There are 2 protein chains.
Amino acid sequence: MSGLIRVLLVDDHPVVRRGLRALVDELPDVEAAGEAADGAEALRLLEDGVRPDVVLMDLQMGDGMHGVEATRRITALPRPPAVLILTTYSTDADILAAVEAGATGYLLKDAPPEELAAAVHAAARGETVLAPPVAARLLGRVRSGGRPALSPRETEILGLLAEGLANRQISRRLFISEATVKTHLVHVYGKLGVDSRTAAVAAGLAAGLIRPV
Amino acid sequence: MSGLIRVLLVDDHPVVRRGLRALVDELPDVEAAGEAADGAEALRLLEDGVRPDVVLMDLQMGDGMHGVEATRRITALPRPPAVLILTTYSTDADILAAVEAGATGYLLKDAPPEELAAAVHAAARGETVLAPPVAARLLGRVRSGGRPALSPRETEILGLLAEGLANRQISRRLFISEATVKTHLVHVYGKLGVDSRTAAVAAGLAAGLIRPV
DNA sequence: CCGGGCGTCAACCGTTCGATTGATTTTCGG
DNA sequence: CCGAAAATCAATCGAACGGTTGACGCCCGG
């Protein structure tokens with residue numbers, strides 16, 4: 001494992017792929033094993049015999065498969081590579097999801113190149129690396145007793161809130177009664193410390209519990 | 001003007017800057033004139049005598065000066081360079097604002113490298129270049145009679161809505177009566193084709209009239 | 001085995017919101 | 001100079017929303 005570290009770059013932006021490749025090629029003991037524009041293409045490459053040590057992957061990818069799903073499938077492969085998530089926002093709703101999906105680490109795109117290099121090396125050694133802002137966020141969530149941790153159902157309803165649906169519409173969408181929707185909402189308001197649906201959407205967005213898109 | 005095209009790269013992500021530099025350096029008649037991590041740094045460079053023909057600038061820049069403001073100030077300089085906006089989303093709330101601020105063109109980060117190269121050349125010749133999705137969006141907005149074009153006040157109120165404020169809070173924030181807030185909201189709902197505040201936030205977000213932050 | 005979180009539902013009540021109508025002032029473009 | 005759009009305010013009314021209380025079954029973990 002002490003030879004060249006082979007890295008597969010996955011990002012839907014050609015510009016970012018080029019930047020990553022430039023940075024990676026600059027490191028003496030690292031080489032790019034390939035590039036993919038989305039999760040599906042990355043999986044195809046892996047199944048076609050490309051064997052990187054580390055996958056550097058963006059979470060937000062416009063059209064193609066989402067990064068979390070791709071991570072899940074990659075780590076489900078036999079002898080999977082380490083998956084390093086590279087994302088734009090530390091407030092992303094999917095940090096936790098990505099970690100649970102088996103991601104080895106989490107980096108921010110505005111990280112300095114040295115940090116990226118260190119992370120790639122660490123990931124190749126099987127270590128977990130979290131960018132400081134990300135780590136702080138995760139810790140904050142754990143330390144606070146997982147307080148802002150909405151239940152799955154509550155998160156689902158918050159998502160529908162963010163689409164602008166009224167209680168009745170939500171109830172029909174989920175095949176539950178309006179009363180139940182209201183109960184969930186009361187819980188959501190309590191956990192988020194707000195007192196209106198619109199404020200809940202704002203807080204949920206800010207806390208990264210739901211994603212804009 | 002037929003010599004080397006000098007390009008100043010402005011983006012808060014080191015990875016993106018590297019990607020842009022790699023792409024730019026690959027073009028025979030283009031060279032990078034410098035890099036900046038935000039609008040303020042770009043302005044400093046320009047005032048310190050860096051004289052690029054084209055400024056390639058991201059709109060979303062975390063901490064520093066926002067791209068629109070930077071564009072405004074750059075185009076206000078004597079003999080200003082062309083400003084090419086490079087952004088992630090075609091749904092950005094600031095497309096129009098950037099154009100009005102004097103941007104020469106608008107590119108998406110997921111554009112293929114050739115498109116970027118063509119845009120830089122066009123910008124250096126003083127031509128306006130809009131990425132097809134961006135152009136379509138602008139046209140759509142103009143063609144539809146500027147329908148979703150909220151008035152400044154309405155946009156402001158929509159922004160406060162998205163922060164989760166109640167009508168009374170908005171009225172106090174803006175030093176107007178609650179009745180006025182409601183009147184504005186009715187207009188907003190009409191223009192967006194919705195019938196609730198939460199739906200208005202969702203629609204405003206989707207239409208890029210307000211930004212998530 | 002039992003407490004507790006989760007998901008479901010109901011009834012009540014006060015408040016906020018959305019819709020409507022109508023009015024005044026300013027500003028801007030034709 | 002006149003009309004249109006924007007911004008301001010008021011009053012009303014029904015519908016939607018938020019808060020509260022109470023209830024039931026499920027399942028997990030101590």
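In this text, all values refer to a predicted model and were calculated from it rather than measured experimentally. In what follows, every chain begins at residue 1, and chains take the letters A, B, ... in the order their sequences are listed.
Between B/Leu174 atom CG and D/dC9 atom P there is a gap of 10 Å when expressed in whole angstrom units. In this structure, the CD atom of B/Glu178 is 13 Å from the C1' atom of D/dA11, given to the nearest Å. Between the CD atom of A/Gln169 and the C1' atom of D/dC17 there is a distance of 14 Å, given to the nearest Å. Atoms CZ (A/Arg168) and C1' (D/dA15) sit 9 Å apart, rounded to a whole Å. Distance CG (B/Asp195) to C1' (C/dT20): 15 Å, rounded to an integer number of Å. Taking atom NZ on A/Lys182 and atom P on D/dA15, their separation rounds to 15 Å, with Å as the unit. With rounding to whole Å, A/His187 atom NE2 is found 11 Å from C/dG5 atom P. Note: CZ (A/Arg172) to P (C/dC9) measures 14 Å, nearest angstrom.
The side chain of A/Ser151 contributes an N or O atom lying less than 4.0 Å from OP1 or OP2 of C/dG7. The shortest distance between the side-chain N/O atoms of A/His184 and the OP1/OP2 oxygens of C/dT8 is below 4.0 Å. Side-chain N/O atoms of A/Arg153 include one lying less than 4.0 angstrom from OP1 or OP2 on C/dT8. In this model, the phosphate group of D/dG19 is not approached by any side-chain N or O of A/Tyr189 to a distance below 4.0 Å at OP1 or OP2. The phosphate of D/dA5 (OP1 or OP2) has no side-chain N or O of B/Lys191 nearer than 4.0 angstrom. Contact annotation: A/Asn167 side-chain N/O to D/dC17 OP1/OP2 distance is under 4.0 Å.
A/Lys109 has a carboxylate O that lies under 4.0 Å from a charged side-chain N of A/Asp58, or vice versa, which qualifies the two as a salt bridge.
Under the side chain to side chain donor-acceptor pair (under 3.5 Å) criterion, B/Asn167 pairs with B/Arg197, sequence neighbours left out.
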Name each donor-acceptor pair under 3.5 Å that joins a side chain in residues 153-164 of chain A to protein atoms two or more places apart or in another chain, with its distance.
{"residue": "A/Arg153", "atom": "NH1", "partner": "A/Glu156", "partner atom": "OE1", "Å": "2.9"}
{"residue": "A/Glu154", "atom": "OE1", "partner": "A/Ser151", "partner atom": "N", "Å": "2.9"}
{"residue": "A/Glu154", "atom": "OE1", "partner": "A/Ser151", "partner atom": "OG", "Å": "3.3"}
{"residue": "A/Glu154", "atom": "OE1", "partner": "A/Lys191", "partner atom": "NZ", "Å": "2.8"}
{"residue": "A/Thr155", "atom": "OG1", "partner": "A/Ser151", "partner atom": "O", "Å": "3.0"}

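Counting any heavy atom pair closer than 4.0 Å across all strands shown, A/Thr180 reaches a base atom.
Side chains of A/Leu56 and A/Leu20 form a contact here, defined as non-hydrogen atoms less than 4.5 Å apart. B/Leu45 places a side-chain heavy atom less than 4.5 Å from the side chain of B/Leu8.
Remark on DNA chain D: of its neighbouring residues B/Thr183 and A/Arg197, the 5'-side contact belongs to B/Thr183, judged by nearest-heavy-atom nucleotide. Between A/Thr198 and B/Ala179, the residue whose closest nucleotide on DNA chain D is further toward the 5' end is B/Ala179.
Across its full length, the helix from C/dG3-D/dC28 to C/dG30-D/dC1 shows an angle of 50° between the axes of its 5 terminal pairs at either end, rounded to 10 degrees.
Nearest approach of A/Ala123 to A/Ala82, heavy atoms of both residues: O-CB, 3.6 Å.
Judged by distance alone, the side chains of B/Thr183 and B/Thr180 never bring a donor and an acceptor atom under 3.5 Å apart.
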